[in-house]
Every structure is written in C-alpha cells, then in structure tokens.
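Read the structure below first, then the notes.
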Amino acid sequence: MRASKFHLLTTREVPADAEIASHQLMLRAGMIRKLTAGIYTWTPLGWRVLRKVENIVREEMDRAGYLELLMPAVQPAELWRETGRWEDFGGQLLKIRDRAGRDYVFGPTHEEVITDLARNELRSYKQLPITFYQIQTKFRDEIRPRFGVMRAREFLMKDAYSFHIDSASLETTYWEMYEVYSRIFTRAGLSFRAVRADSGAIGGNASHEFHVLADSGEDQIAFSTGSDFAANLELAEAPMPSTPRPAATEQLRLVDTPAAHTIEELVTQFDVPVEKTIKTLIVAAAPGNDSPFVALLVRGDHSLNEFKAVKLGCVARPLRFATEDEIRAAIGAGPGSLGPVNLPVPCVADHSVCIMADFAGGANVENKHYFGINWDRDAALPACADLRNVIEGDDSPDGKGKISLARGIEVGHIFQLGTKYSKALNAVVLGEDGKSHVMPMGCYGIGVSRIVAAAIEQNHDDQGICWPEPLAPFQVAVLPMNARKSHRVREVAEKLYADLLAAGVEVFLDDRDIRPGVMFNDMELIGIPHRVVIGERGIDSGELEYRYRTDAENTTIPLATAAETIIGRLAPR
RNA sequence: CGGGGCGUAGCGCAGCCUGGUAGCGCACCACAAUGGGGUUGUGGGGGUCGGGAGUUCGAAUCUCCCCGCCCCGACCA
C-alpha cells in the first residue's frame, strides 16, 4: 500500500473524551471514528487490524472443526418471549418495531436463534456433538458506553454454540474450546489468563473468562503465585483461617468516639491496629426472614464481596444496603457507630472475624465504640461464612502459593449452559436408547473488536501503538528520505516495495512529500512493526536503516539483500 | 435512571459573567524556502455559535423548553 493511495487520518490532538490509552491511540492513529455514543466506524486502517483478529479466530475455530454460519442480527420477539428473555434480559436489549407493529430485537447474543435452528435441524444423537459459530455485529444498549470500542454498544463478536447428547460430551467440548481459546490469544500475541468465573443463576457448571492483563482493565482477577489457580475476584474464595481464636486478654470498654465514624478515623485516633477493628454492614434481608435487615461483619481492612453475601440466602438479591434512616430506625444508632455488641439484627460474620479477640467496633450507641470486644463473653459468636474479597498476600485457596491481584480486560468467556435454552425451546434429539433427549448446550464468546483495544492497552509506548506482529495493519514500513529530490532514493524504495509486495508482505510505502519527522511519528503512532529508512547516505554505503518498533536504536541491513533480510525477520504467519 | 458538566470551523479551545462586525492553535488549500524526528514564511477557504421559542432596537452571550454528548453513581460504618 502506498501512503498516497491510502487514507491516513492521524492527528496530533486527542478528542477530549478519550480517557484510556487505547481509545486515544485508536482515535489519533485514525483507526476508528465515533458516529454516536458507543457506535463507531472502523476506518480502512482500523478495519485491517480488526480483520487480523477475526481471521485468527476464524482459522482456529475452523481448525478445531467448528462450523461457521451467519445468523440474522434482527430477531423476532417471539423467540425471546419463548425463553423469557424478552422481559428478563433487561435494558441492554434493543427492541425495535417494524411497520406492521411487530416486535424485534437487535441481537445482543444468539442462543435463541441457534437453538431454534438446532430444534429444526437436529434429529439424532448421531449428528452430535456439533458446534456452530459466527462472527457478527452485536448490539447491547449499555447504560454507559465508554473507552471507545472497549465498551461499545455495537461491537464485533465471535459467538459459538455446541449441542450434545449428554453433559459428558458437553464437558469434552468445553475443555477443547478452552484450548482453542488459549491458542487464539497466544497467536494474537497477547498476555492473558483464563480465570474461573461466575456460572450465574443458570447452574453450577463450569465457566471461564479469558482476560488480557492490563492495568486499565475493568475486572479484578485473583491468581496464585504458586499454582495455576486463577479466578474472578468476585468468585475467589478466601482461605479458612488456620489459627484458633486467641483467648480474651482485655476488658470490654465503652469509649466516646465522637469524631470516629470510619475505620480509618478509628484507627488513627485511637491507635488501634486495623486488623483489630470490624465493619458492620446493614443490608436488606431476603423476603420471608424474621428481620427486615441482616448485619454483615468483616474485618476493618477487608471489603465485602457482594456476590458471596447474596449467596448466603438470608440476604436480599440483589444486594441492597440499608439507608441511614432505616439503620437508625432498626438499631438506634447511625452508620459509623455500629457493632456486634447488643445488635438487635441477625448477624453473619466473615471467617476472619470469627477468630478475632480483643477487637473494636461500634457500640450501637451514637458516637460510642466498644474496645476489647470478645466473642461469647460480650456477644454471641455469629454464623460464620466467606464474605470478603481476597486480598494480596492471602493464601491461595488450593493451598499452593499466595494470592496476587491483577486487572484484566475480559475478551473471552466460555460457558457450559446446560439445557436452559434447549428446554425452553424444546430442542431434542433421539438418543441411542430411542428416547427423546434435551440437548445440553455450551456457549462461547470472544469480543473481537474489544481485542483490538485490549491489544493496544497491553502494547503501546509514548510514541504510539506497538502492534504484536500478527495484529499489525502492515508488517513493514518503507520510508524514503527526501525522495522528491533524489531519484536514487526513489528507485531503491520502489524496488524494495515491489520486492516485498511480490513476496506477499504487507508493506506500506510512505511516498508522501512530507518531512521525515512527520513520517516517523505517523509510522510509530500507527505501530507498524518493521521500519526501513532509505536515504542517500545509506545508499552510498550500501546499507539501509532498519528498526523494529520496540527497538531503541537503528541497525543496518545490506542494501543488496534488503528484501530477503526483512522477510527473514518477519514473524511466521 | 439519579446527580454534575459540556455543546462556538474537521480536532483542541477562547469569547458568554457585563448583549453591539465570531476569534486563536492544529488540520486543510496555494505559493515559496527548507529537507533525517510533527520546519518556516506569505496568502487563503471553511461557522444555521446543538435545535426551537421568548426578552430586546439588537442574542453565541439573558430566559424557558427540547436534543445530543461526557463524567460520576450502593457502601467501604
């Protein structure tokens, strides 16, 4: 490609609303342009990258024997009513109506459509297992789209669905898909981790998320430094305390604490170790409980894990914190003075709280705290459960190594669905036993457009994007210096360009009549991995300058064998 | 959805308080110089000031309504 025939849209300035590196760089490099909130045009440059990702995904899915198809983006409401998701899916579901007044959705996902296909087309266990996939534009009406294509409303997704005669077959395909996903992200040159994830209300089956590691990631993941344990923070179990509760050594003391309404204030004003304080959180109880509220206790330096709290059963789903008025009415003291002693509300404590002794907490009297609290003596030991988020340095739940926390960008999710959709839509086949079987299903997604942004988050510097070679829009940039005045430079550049093209290399020849500095900056911004500079000086000495995008310095390659030398340095495809 | 903020040239912004000829930088076009890290000079093109209504002799500026966009959003006791 010649720069003069391409459409480069690089800019020096960044639109004010771009917050993270990938969003800024995609705009500055001219890969995307916003049409409206959460909806983007992919420019020729951005599209080349998106297609690279798409092709890697497609090749690996095909290699695994999965069958590509293409389903409609617009789907009849009727199907969604059959599975109940017309109501249940929530505000992210974009509903549309045609001229006859019939309702449709713009597909945010395709379980309904694929299951409808399966119930019409699959008859026998002999046709199973089978896995279909598509790469297609989805629409989810996000409450708050942000970060460019990272959390867009319209986005490109690969979604796959597998059908099985039994759950053992589903499990086999699931783990196969796990390996396929790992290959895809490895091929794309990304640093990633598969983590155990929430399998949701659908059932206790396995689910894994694939996260690209990046500090700007929206998800927190916990992993072990000593094993391959990795889980979404909301799911990571805190280790059971291994030490017994120490004996009480202090007397219970009621202290005036008018200026201490947070753990931090308590710790600094009264010189008490934060591990000897507890937080008392009042949340709404599940319907049918004796009390309208439940108190949850976690250590002062820990935070409540809402996901675990809701799993208790006695807590309302979704989790709702009591308002200050509700707390005063139920307990007689406001937030900031709450604690387990004389607490008129049922109570559940985190495991780490249950082994505390001589600790501090609110007195349930305004502006007072108790110090030297001990279970049994001062308050009944409450029910104990895992309620907190794991923290850096916790023992790994599998007993091997310590927990470390990192941020990740979710780019893939694999899921053993079970029969939720096949049952609702009556997708059955005859088994070997001559009986009808509801097919267990798996579903497997990859955020294709999000991978582009995630790759940039992971691979950029002050100058711009540093593409992993398999994703780069072009592999090689050929930059002639002052070509207008030097026919030798022009000739060498044109020859190298032609040779590389002939060898099937994606090469970008910057034949614009611009200053070298502008050229260098543009090429670094858009992140082309290999760069060759052609100038009079080099031609005289029989050498060309070469630089890999992440190299600090130029090196030289012989002019006579330039094309072969560069080709030898390209990453294998 | 609730709270806050912003809409002025393709992008980034000033002007608004205190009403009176719509500006700056980048980008774009032309010419010239320059020619290895966003060079320089001269000249130019480009605006329903988000939309509508109102107040006024006069509205980007004041008032009201609408639209769009951005940010934040339990609690961390």
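Keep in mind that this is a model prediction, so the values were computed, not measured. Here is how names work: the chains are called A, B, and so on, in the same order as the sequence lines, proteins then strands, and each is numbered from 1.
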- request: Report the residue (A:A322 or A:E306) whose heavy-atom-nearest nucleotide on RNA chain B is the more 5′ of the two.
  value: A:E306
query: Minimum heavy-atom separation for A:K308 to A:E237, with atom names?
result: NZ-CA, 3.9 Å
- prompt: Choosing from B:G36, B:A27, B:C72, which nucleotide comes nearest the side chain of A:E545?
  reply: B:G36
query: When you compare B:U39 with B:G46, how far apart are their C1' atoms, in angstrom units rounded to a whole number?
result: 25 Å
- prompt: Do we get A:R48 above A:F474's six-membered ring, with its NZ or CZ under 6.0 Å from the centre and within 45° of the axis?
  reply: yes
message: Heavy atoms only, 4.0 Å cut-off, all strands: where does A:N305 land among base, sugar-phosphate and nothing?
response: nothing
query: A:D522 side chain: which of B:C75, B:G38, B:G36 is closest?
result: B:G38
task: Return no unless some side-chain N or O of A:R144 is found under 4.0 Å from OP1 or OP2 of B:C72.
output: yes
query: Taking the six-membered ring for Trp, are A:F359 and A:W375 ring centroids under 6.0 Å apart?
result: yes
query: In terms of side-chain heavy atoms of A:M481, which of B:G68, B:C26, B:G36 is nearest?
result: B:G36
message: Looking at A:Q251, I want to see if its CD is surrounded by more than 12 non-hydrogen atoms of other residues, nucleotides or ligands under 6.0 Å.
response: no
message: Is the positively charged end of A:R547 above the ring of A:F520, judged by distance under 6.0 angstrom from the centroid and angle within 45° of the axis?
response: no
- request: Report yes or no: is there a donor-acceptor pair, N or O only, under 3.5 Å between the side chain of A:R531 and the base of B:G37?
  value: yes
query: Is a donor-acceptor pair below 3.5 Å formed from side chain A:D17 to base B:G12, judging by atom type as modelled?
result: no
query: Base, sugar-phosphate, or nothing for A:R547, non-hydrogen atoms under 4.0 angstrom?
result: base
query: Which is true for A:G535 with a 4.0 Å heavy-atom rule: it touches a base, it touches only sugar-phosphate, or it touches nothing?
result: base
task: Can you tell me, in whole Å, how much space there is between the P of B:G12 and that of B:U18?
output: 29 Å
message: For a quick check of understanding: with a heavy-atom distance under 4.0 Å over all strands, which category does A:P516 fall into, base, sugar-phosphate or nothing?
response: sugar-phosphate
query: From B:G37, B:A77, B:C71, pick the nucleotide closest to the side chain of A:I327?
result: B:A77
- request: Could you check how far CD1 of A:I20 sits from C1' of B:C71, rounded to whole Å?
  value: 15 Å
task: Classify the angle between the aromatic ring planes of A:F106 and A:F139 as parallel (below 30°), tilted (30 to 60°) or perpendicular (above 60°).
output: perpendicular
- prompt: With both distances under 3.5 angstrom, what nucleotide forms a Watson-Crick or G-U wobble pair with B:U42?
  reply: B:A30
field: Strand partner of B:C6, provided both Watson-Crick or wobble distances fall under 3.5 Å
entry: B:G68
- request: Could you check whether A:I282 gets within reach of a base, just the sugar-phosphate, or nothing at all, counting any heavy atom under 4.0 Å?
  value: base
statement: Of the candidates B:G36, B:G68, B:C26, the side chain of A:E13 sits closest to B:C26
- line: Of all heavy-atom pairs linking A:D386 and A:A238, the shortest is OD2-N, 3.1 Å
- request: State which of B:C26, B:U34, B:G37 makes the closest approach to the side chain of A:R515.
  value: B:U34
message: Does A:T11 reach a base, just sugar-phosphate, or nothing at all? Heavy atoms under 4.0 Å.
response: nothing
- request: Any strand is fair game: report the nucleotide pairing with B:C1 by Watson-Crick or G-U wobble, both distances under 3.5 Å, or none.
  value: B:G73
- request: Among B:C75, B:C26, B:G36, find the nucleotide with the atom closest to the side chain of A:R537.
  value: B:G36
task: Answer with base, sugar-phosphate or nothing: what part of the nucleic acid does A:I143 contact at a heavy-atom distance below 4.0 Å?
output: base
query: Roughly how far apart, to the nearest Å, are B:C28 and B:G68 at atom C1'?
result: 27 Å
query: Watson-Crick or G-U wobble partner for B:G25, using a 3.5 Å limit on both distances?
result: B:C11
query: Of all the nucleotides listed (B:G37, B:C69, B:C71), which has the minimum atom distance to the side chain of A:R146?
result: B:C71
task: Give a yes/no answer on whether the side chain of A:K34 brings an N or O atom under 4.0 Å of OP1 or OP2 in B:C69.
output: no
- request: Under a 3.5 Å limit for both distances, which nucleotide forms a Watson-Crick or G-U wobble pair with B:G19, could you say?
  value: none
- line: Side-chain atoms of A:R28 come closest, of B:C69, B:C76, B:G38, to B:G38
